[in-house]
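A short worksheet on the structure shown next.
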Amino acid sequence: NLSTLFKTHVNEDHMPLCPKKSPLIGGPIHVKFPSGLTLAEVQRKNPLVMRGGRYRPPDCEARHRTAIIIPHRHREHHLKFLLYYLHPFLQRQQLNYRIYIIHQAGTYTFNRAKLMNVGFREAMREEDWDCLFFHDVDLIPEDDRNTYVCDSNPKHVAIAMDKFGYKLPYKMYFGGVSALTPLHYLKMNGFPNNYWGWGGEDDDIGLRFNMLAKTRQTWKSDGMNTAEYELISREYMPLYTNITVNIALRP
Ligand code: NGS
């Protein structure tokens with residue numbers, strides 16, 4: 001029973017529901033990287049974003065509640081540009097959203113998938129999200145007609161990236177950005193914790209949806225059920241919630 005695990009959402013303000021298709025959608029943009037951009041400038045351009053990188057449409061009740069989970073360490077430059085584009089993008093889509101940065105403390109090898117497990121738990125602890133976007137820090141969405149909402153099936157979102165000529169690099173590619181409901185996530189036991197360093201974890205996640213997973217049983221014993229970490233801090237920054245964790249625990 002999910003409602004005993006997670007908070008349940010109530011519409012307290014009794015605002016009308018937002019339209020099914022947001023009137024603010026603008027279509028493709030041309031991504032540029034303005035020099036000298038600061039987080040203060042991003043903040044100034046997004047006056048309706050609340051502390052912790054939280055937003056709700058001011059005049060209607062959002063139809064979707066999406067948490068953006070971004071694994072992070074030492075990529076401040078990427079993060080700044082992502083926030084610059086992502087906040088206005090999500091607001092044009094009239095979503096109820098929050099941006100979570102999951103920051104790996106220490107110098108031990110980076111572990112993207114385990115940080116996403118942390119992000120899931122810490123985000124769901126806070127609010128009743130109906131969709132989680134697991135998002136690389138160095139990818140910027142170019143077209144707001146691609147709404148950051150979940151579908152009935154797990155969704156691979158980063159299917160057309162400039163560096164791959166706007167094509168999939170290979171058929172089973174599941175990296176970059178993906179969208180899962182809490183139920184999808186629980187069903188697949190989250191993500192693997194044992195991929196330290198670059199590569200492979202997204203392929204493992206992809207296989208969790210596939211028949212092949214039946215022959216590879218590791219997903220049952222390596223996932224959200226075994227993700228151990230030590231929460232170091234939770235900071236409500238102006239443009240995001242910063243969750244710092246130690247995931248490289250000694251046995
Ligand atoms: C595969 C990796 C994936 C990675 C993809 C694209 O080879 O994790 O390349 O990489 N799989 C393994 O290492 C088993 S990229 O071109 O974005 O650097 O996502």
Side-chain angles (χ1 to χ4, degrees), residues 28-33 67-86 89 99-104 106-120 131-143 146 148 150-151 153-181 184-185 187-224 226-227 229 245 247-248:
I29 54 160
H30 182 64
V31 173
K32 295 181 296 258
F33 301 102
I68 316 288
I69 310 289
I70 306 173
H72 180 257
R73 186 171 67 189
H74 301 153
R75 292 287 180 273
E76 277 67 25
H77 197 61
H78 288 155
L79 180 60
K80 182 179 69 180
F81 287 116
L82 178 58
L83 294 169
Y84 174 68
Y85 282 108
L86 195 54
F89 176 94
I99 297 181
Y100 291 91
I101 302 302
I102 315 299
H103 171 222
Q104 181 173 338
T107 52
Y108 197 78
T109 317
F110 195 65
N111 187 328
R112 172 178 180 269
K114 187 167 182 183
L115 290 170
M116 301 199 298
N117 276 338
V118 173
F120 176 85
C131 181
L132 296 108
F133 263 63
F134 297 94
H135 209 296
D136 278 1
V137 72
D138 60 353
L139 290 176
I140 294 171
E142 295 184 347
D143 191 331
N146 295 313
Y148 273 27
C150 279
D151 291 347
N153 285 316
K155 180 161 73 179
H156 179 225
V157 179
I159 55 160
M161 282 154 55
D162 56 356
K163 72 168 178 178
F164 298 134
Y166 294 98
K167 287 191 301 248
L168 282 178
Y170 51 95
K171 195 166 168 254
M172 295 296 288
Y173 179 63
F174 199 74
V177 183
S178 54
L180 304 174
T181 65
H184 294 149
Y185 179 90
K187 250 176 133 170
M188 65 193 274
N189 190 23
F191 306 130
N193 299 296
N194 297 325
Y195 288 85
W196 299 91
W198 178 88
E201 83 296 344
D202 47 355
D203 298 329
D204 184 303
I205 293 165
L207 286 176
R208 292 180 179 224
F209 305 124
N210 192 277
M211 291 301 283
L212 283 174
K214 292 207 173 80
T215 57
R216 254 177 89 263
Q217 295 291 323
T218 58
W219 67 276
K220 287 188 185 167
S221 54
D222 176 23
M224 64 150 236
T226 51
Y229 61 93
V245 281
I247 55 172

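Since the structure is predicted, the reported quantities are computational estimates derived from the model, not experimental observations. Hydrogens, waters and symmetry mates are skipped; everything else that's a heavy atom, side chains included, is used. Counting convention: from 1, in listed order, for ligands and their atoms alike.
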Expected output: side-chain Q104 to main-chain Y108 donor-acceptor under 3.5 Å: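 Here the side-chain-to-backbone pair exists.
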Any donor-acceptor N/O pair, N189 side chain to W219 backbone, under 3.5 Å: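 Confirmed, N189 side chain pairs with W219 backbone.
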Using a plain distance cutoff, I'd like to know if [X] has any nitrogen or oxygen under 3.5 Å from a nitrogen or oxygen of ligand 1.
X: G200; answer: yes
X: Y173; answer: no
X: D202; answer: yes

Geometric class of the [Y]/[X] ring pair [parallel <30°, tilted 30-60°, perpendicular >60°]:
X: F33; Y: Y85; value: perpendicular
X: Y185; Y: F134; value: parallel
X: F164; Y: Y173; value: perpendicular

Numbered atoms of ligand 1 (with element) below 4.0 Å of D203, judged on heavy atoms: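 The atoms of ligand 1 under 4.0 Å from a heavy atom of D203 are 2 (C), 3 (C), 11 (N), 12 (C), 14 (C).
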Numbered atoms and elements of ligand 1 in range of F164, under 4.0 angstrom, heavy atoms: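 The atoms of ligand 1 under 4.0 Å from a heavy atom of F164 are 15 (S), 16 (O), 17 (O).
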Any K163 heavy atom less than 4.0 Å from ligand 1: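 K163 counts as a contact of ligand 1 under the 4.0 Å cut-off.
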Ligand 1 contact by F174, heavy-atom criterion under 4.0 angstrom: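 F174: no contact with ligand 1 (<4.0 Å).
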Over all atoms of both residues, closest heavy-atom pair of W196 and I247: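 The answer is CH2-O, 3.6 Å.
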Side-chain touch R112/D202, heavy atoms, less than 4.5 angstrom: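 A side-chain contact under 4.5 Å exists here.
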Taking atom 5 (C) of ligand 1 as the reference point, the nearest protein heavy atom with its distance: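 Sorting protein heavy atoms by distance from atom 5 (C) of ligand 1 puts Y170 OH, 3.5 Å first.
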Which residue and heavy atom of the protein sit nearest atom 18 (O) of ligand 1, plus the separation: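 Here the closest protein heavy atom is W198 CZ2, 3.4 Å.
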